[in-house]
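One structure is given below, encoded as structure tokens.
In what follows, every chain begins at residue 1, and chains take the letters A, B, ... in the order their sequences are listed. On a predicted model such as this, the values are computed, not experimentally measured, just so you know.
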2 protein chains.
Amino acid sequence: MTTGGKRGRRTPARRSGARSHPTRERILDAAERLFAQRGFHGVSIRDITGAADVDVALANYHFGSKQGLLEAVFARRAEELNGERLARLDALLAAGRRKAPTLEEIIDAFTHPLLDRSARGGPGWKSYFALVAEVNNSPEFGGVLMTRTFDQVVQRFIEAIRRALPGCEERDLYWAYHFLSGALTLTFAETGRIDKLSGGVCRSNDLDSVHERLVPFCAAGFRALCVRKGRTRKPPARRSKAAR
Amino acid sequence: MTTGGKRGRRTPARRSGARSHPTRERILDAAERLFAQRGFHGVSIRDITGAADVDVALANYHFGSKQGLLEAVFARRAEELNGERLARLDALLAAGRRKAPTLEEIIDAFTHPLLDRSARGGPGWKSYFALVAEVNNSPEFGGVLMTRTFDQVVQRFIEAIRRALPGCEERDLYWAYHFLSGALTLTFAETGRIDKLSGGVCRSNDLDSVHERLVPFCAAGFRALCVRKGRTRKPPARRSKAAR
DNA sequence: GTCTATAAGATGATAGAC
DNA sequence: GTCTATCATCTTATAGAC
């Protein structure tokens, strides 16, 4: 789980030297794009290797199985993503030795690295996030792949939000994160639905407009849940296993 | 598009009489369940007719094609859903001849019929909403199927929200709806991710807890977008084609 | 690492008997 | 409306030559 290799069987390594874009990467690029467009089952290994212009057998050689290929695609860009997210969070926490970071700053650190890459990172990143959107909403893959790939970092962010909203109940905190996750990933899918619904006023691929609004929308939502009226106030709820 | 039949070719009709659960419905039930579990491409017609315990050829006979079957599954429960949503909205608008409905009441009328059926409507409804979650986040089907099935009703709700938030800009209104849609449909997927993330504090299938929180979360989000500071106030922005 | 060849079976759809 | 039989193609995966 460190460098993103190793999937079930021996990994051939990047011994090929000079080329920074060898067969392995070509297959990952094609798989990323096609999985994003039509989903895991909607694409065959032949579609992928054909698009990558490599031999059919090489996908199985490099990734063991079709599912191994999906997991490799999913893991490839995760490290960079998680790294920048944590760096931003750490910067916020370090800067705010005395003045704690605002909820808006924390949510921004969580969403900006993603929306920025989907908007300006090139077609590979765009496909990657569309795939994340599908996986997040898939009963088949969502529970395992999202958890394995992102939730260690998510825990760090929830911990920061917990401190920004003292007295907030654990359940409210996690459900609010759930809503944020749904709003964020639907954005990545870029289905074009909002374009038609809004009569052209909004465009699915205008991610800067989304980001400008997602942060205040969710920050207000978090606050609304954590200060709801008619609440029996409890002691700070020392999270038991929630923060392992 | 009235009674939910008619998909591309002649429809054999429910002439079989007595039985209220004929072959057609058995196929729809099985397809609904399997499409929800593994997605459109993850299931074969043989899987579906096998689960329905009917002959393989009957799926194509009744629905023309695999895609026709998907569209029939998607349309089957939509009418009841849209009907109750509109009835609730109309009740709100009628009751509030003088006192306009609150944002919370409008959002509740939009989400409650869905969350209530997913929680207590039986396994068919549960599968249906899981399928909606996947379709909403699918670049392949989301833009067409969601628009065709739900967006006429969605427009009515957005119109009501527009009146509850006078002066709100169109773009903010539609993006806020987009966030609501993402939060709502991720809930339907019930992937189990939130269970693990929260260490058991939240459960994916506890939809009553979700509903209790989704309404205030989104209401606060809508308000936050529509009264953002540093905004150049515009005239009520008479929506041109957005409300056809 | 790459390729050919092929195993072994599944796929969506249909024609035509009943 | 239902079923059998079948078409023509595609499916994942692997063995073995180079």
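As rounded to whole Å, 17 Å separates atom C1' of C/dG12 from atom NE2 of B/His62. Rounding to whole angstrom units, CZ of residue B/Arg46 and C1' of C/dA10 are separated by 7 Å. Straight-line distance from the CD atom of A/Glu25 to the P atom of C/dG1: 12 Å, rounded to whole Å. In this structure, CD1 of B/Ile45 is placed 5 Å from P of C/dA13, rounded to the nearest angstrom. The distance from atom CZ of A/Phe63 to atom P of C/dG1 is 12 Å, rounded to the nearest whole Å. Distance, A/Leu58 CG to D/dT14 C1': 13 Å, rounded to whole Å. As rounded to whole Å, 5 Å separates atom C1' of D/dA13 from atom CG of A/Asn60. Atoms NE2 (B/His41) and P (D/dT11) sit 12 Å apart, rounded to a whole Å.
In this structure, B/Thr23 reaches the D/dT2 phosphate: one of its side-chain N or O atoms is under 4.0 Å from OP1 or OP2. Contact annotation: B/Ser44 side-chain N/O to C/dA10 OP1/OP2 distance is not under 4.0 Å.
Because its NZ or CZ atom is not both nearer than 6.0 Å to the ring centre of B/Phe129 and within 45° of the ring axis, B/Arg117 does not count as a cation-pi partner of that residue.
The side chain of A/Asp55 lies closest to C/dT4, out of C/dG12, D/dA13, C/dT4. Of the listed nucleotides (C/dT2, C/dA13, C/dC3), C/dC3 has the atom at the smallest distance from the side chain of A/Ala57. Closest to the A/Ser65 side chain, of the nucleotides C/dG1, C/dA13, D/dA13, is D/dA13.
The pair A/Asp47-A/Arg33 fails the salt-bridge criterion, with no side-chain N (NZ, NE, NH1 or NH2) lying under 4.0 Å from an Asp/Glu carboxylate O.
Residues A/Leu114 and A/Arg85 are in side-chain contact: their nearest non-hydrogen atoms beyond the backbone lie under 4.5 Å apart.
In summary, of the residues considered (B/Asp151, B/Leu89, B/Asn82), a side chain to side chain contact (heavy atoms under 4.5 Å, CB included) with B/Arg156 occurs for B/Leu89 alone.
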